Amino acid sequence: MSRLEEELAELGVVIEPQLFDLALTHRSWAYENGGGPTNERLEFLGDSVLGVIVTERIYREFADRPEGQLARLRAAVVSGHALAELARSLDIGPSIKLGKGEVATRGDNKDSILADTVEAVIGAVHLTGGFESSARVVTAWLGPRIDEAAELGAGLDWKSSLQELTASLGLGVPQYADTSSGPDHDRRYSATVTVGDVGYGPGEASNKRHAEQQAAQQAYEALAAQAEAEADAEAADSVTAATAEPADRVTAQD
């Protein structure tokens, strides 16, 4: 029994055997084996089911947060990277049926394939047991991720947070520059961001978005620290001026 099957059994969730097999069938395998059905339709369903369950949970749990923050929280929880990490924790990769080309390029560890498979599994769970079963699975698998993401603050989306910060400081819109290197199956990305005339970075990751997020984090932390230091200096100047004022008045009266 695979780790995924063990997890589902512990949750008391059953998937019809044919649906379970289909959820693990990537299009590359189907193409090389007669062109049968793939997990893409289940992925389509699972994506919607996942979105509804996560959206309702964060709506109920974070009643004091505005729509924009809820949208970022949801995006962080159901992102391809987050779902791929979940797939790795469940050891789903070795169970995915892949074509020879994907096997040769380590498709069982690609974020996109892993994330799509998680959504397909959720779709299969939903078709078998309805919302009760799919909600149980999503809550168990992603509930901790929701709690962690809720504590991230600006780190929930460094690019959006940086843009909000630069707007408040009157520094304009951040500008990103990206480069990539390496073969297609092991591409590496490097990103820098320019705010005003100052560049920050580089951020480096296996995809462009994550590289830009890293660069944005560096810029945000530097600019936030600078703004805080300037605010402290202004506050100190105000205190100095306020304490010096009475002495000036005494001198004037003498």
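Since this is a predicted model, take the numbers as computed values, not measurements.
- Of all the heavy atoms in A224 and L165, the pair that sits closest is N-CD2, 3.9 Å.
- Side-chain heavy atoms closer than 4.5 Å link hydrophobic residues (I, L, V, M, F, W, Y) into clusters, and following such links, even through other members, never connects W29 to I92.
- The distance from atom NE2 of H126 to atom OG1 of T128, rounded to the nearest 0.5 Å, is 10.0 Å.
- For the residue pair Y189 and A211, the shortest heavy atom distance occurs at O-CB, 3.8 Å.
- When all heavy atoms of G143 and R57 are compared, the closest pair comes out as CA-NH1, 3.8 Å.
- Between the S133 side chain and the G130 main chain, no donor and acceptor come within less than 3.5 Å of each other.
- In R27, the CZ atom is not crowded: 12 or fewer heavy atoms of neighbouring residues, nucleotides or ligands sit closer than 6.0 Å.
- Checked by atom type and distance alone, the side chain of E119 never pairs as donor or acceptor with a backbone atom of D47 at under 3.5 Å.
- Proximity of T192 to T179: side-chain heavy atoms (C-beta onward) are nowhere separated by under 4.5 Å.
- Atom OG in S180 sits 12.5 Å away from atom CD in E204 (nearest 0.5 Å).
- The number of heavy atoms from other shown groups lying within 6.0 Å of CZ (F44) does not exceed 12.
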Report the C-alpha separation of L127 and L42 in whole Å, then their side-chain angles, then the decisive distance to 0.1 Å, and conclude whether the side-chain contact (heavy atoms from CB on, under 4.5 Å) test is met.
CA-CA 9 Å; L127 284 180; L42 284 175; 3.6 Å; yes
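- Inspection of the H26 and S28 side chains reveals an N or O donor paired with an N or O acceptor under 3.5 Å.
- The same ILVMFWY cluster, assembled from side-chain heavy atoms under 4.5 Å apart, contains both V52 and I146.
- Under the 4.5 Å side-chain contact rule for hydrophobic residues, V49 and L24 share a cluster.
- In this structure, Q218 and P202 approach most closely via the heavy-atom pair NE2-O, 3.1 Å.
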Evaluate the side-chain contact (heavy atoms from CB on, under 4.5 Å) criterion for residues I113 and L98: first the C-alpha distance (whole Å), next the side-chain angles of each, then the deciding distance (0.1 Å), finally the verdict.
CA-CA 10 Å; I113 291 177; L98 298 169; 4.2 Å; yes
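- Here S79 contributes atom OG and R74 contributes atom CZ; the two are 12.5 Å apart, rounded to the nearest 0.5 Å.
- Taking a 6.0 Å sphere around CG of D197, one finds it holds 12 or fewer heavy atoms contributed by other residues, nucleotides or ligands.
- Looking at Q217 and E221, their side chains do bring a donor and an acceptor atom within 3.5 Å of each other.
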Walk me through it: do L162 and L223 pass the test side-chain contact (heavy atoms from CB on, under 4.5 Å)?
CA-CA 9 Å; L162 176 61; L223 290 170; 3.9 Å; yes
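- Looking at R145 and D147, no side-chain N of the basic residue comes within less than 4.0 Å of a carboxylate O on the acidic one, giving no salt bridge.
- Residues L142 and L50 form a side-chain contact, since some pair of their non-hydrogen atoms from C-beta on lies under 4.5 Å apart.
- Within 6.0 Å of atom CZ in F131, more than 12 heavy atoms from other residues, nucleotides or ligands are found, so the atom counts as buried in its surroundings.
- By the neighbour-count criterion of 12 heavy atoms within 6.0 Å, atom CZ of R41 is sparsely surrounded, having that number or fewer from other residues, nucleotides or ligands.
- I53 and L8 fall within a single hydrophobic cluster, where Ile, Leu, Val, Met, Phe, Trp and Tyr side chains are chained together by heavy-atom contacts under 4.5 Å.
- Counting only distance, with no hydrogens or angles, the side chain of E102 and the backbone of G99 share no donor-acceptor pair below 3.5 Å.
- Taking every heavy atom of both residues into account, D178 and A191 meet most closely at OD1-CB, 3.2 Å.
- Between I96 and L114 there is a side-chain heavy-atom pair separated by less than 4.5 Å.
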For the pair F20 and E5, evaluate side-chain contact (heavy atoms from CB on, under 4.5 Å) and give the outcome as yes or no after the intermediate values.
CA-CA 10 Å; F20 186 73; E5 291 173 298; 3.6 Å; yes
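- The pair R88-D111 meets the salt-bridge criterion, since a charged nitrogen lies less than 4.0 angstrom from a carboxylate oxygen.
- K159 forms a cation-pi arrangement with Y176, by the criterion of a distance under 6.0 Å to the ring centre and an angle within 45° of the ring axis.
- In this structure, CG on D21 lies 10.5 Å from CG on N39, to the nearest 0.5 angstrom.
- Looking only at side-chain heavy atoms (C-beta outward), L45 and E43 stay at 4.5 Å or farther from each other.
- Salt-bridge formation is not detected for the pair E6/R3: no Lys NZ or Arg NE/NH1/NH2 atom is positioned less than 4.0 Å from an Asp or Glu carboxylate oxygen.
- Between the side chain of T166 and the backbone N or O of G172 there is at least one donor-acceptor pair closer than 3.5 Å.
- A distance of 7.5 Å separates CG in N33 from NZ in K97, rounded to the nearest 0.5 Å.
- Contact between P37 and A30 at its shortest, heavy atoms only, is O-CB, 4.0 Å.
- Rounding to the nearest 0.5 Å gives a distance of 7.5 Å between CG of L86 and CD1 of I122.
- Under the 4.5 Å side-chain criterion, counting only non-hydrogen atoms from C-beta, N207 is not in contact with R187.
- Checked by atom type and distance alone, the side chain of R188 never pairs as donor or acceptor with a backbone atom of G182 at under 3.5 Å.
- Contact check for W141 versus E7: side-chain heavy atoms found under the 4.5 Å cut-off.
- For R136 (side chain) and G12 (main-chain N/O), a donor-acceptor pair under 3.5 Å exists by modelled atom type.
- In this structure, V14 is not a member of the same hydrophobic cluster as L22, with clusters built from ILVMFWY side-chain heavy atoms closer than 4.5 Å.
- Between the side chain of E32 and the backbone N or O of K100, at least one donor-acceptor pair lies under 3.5 Å.
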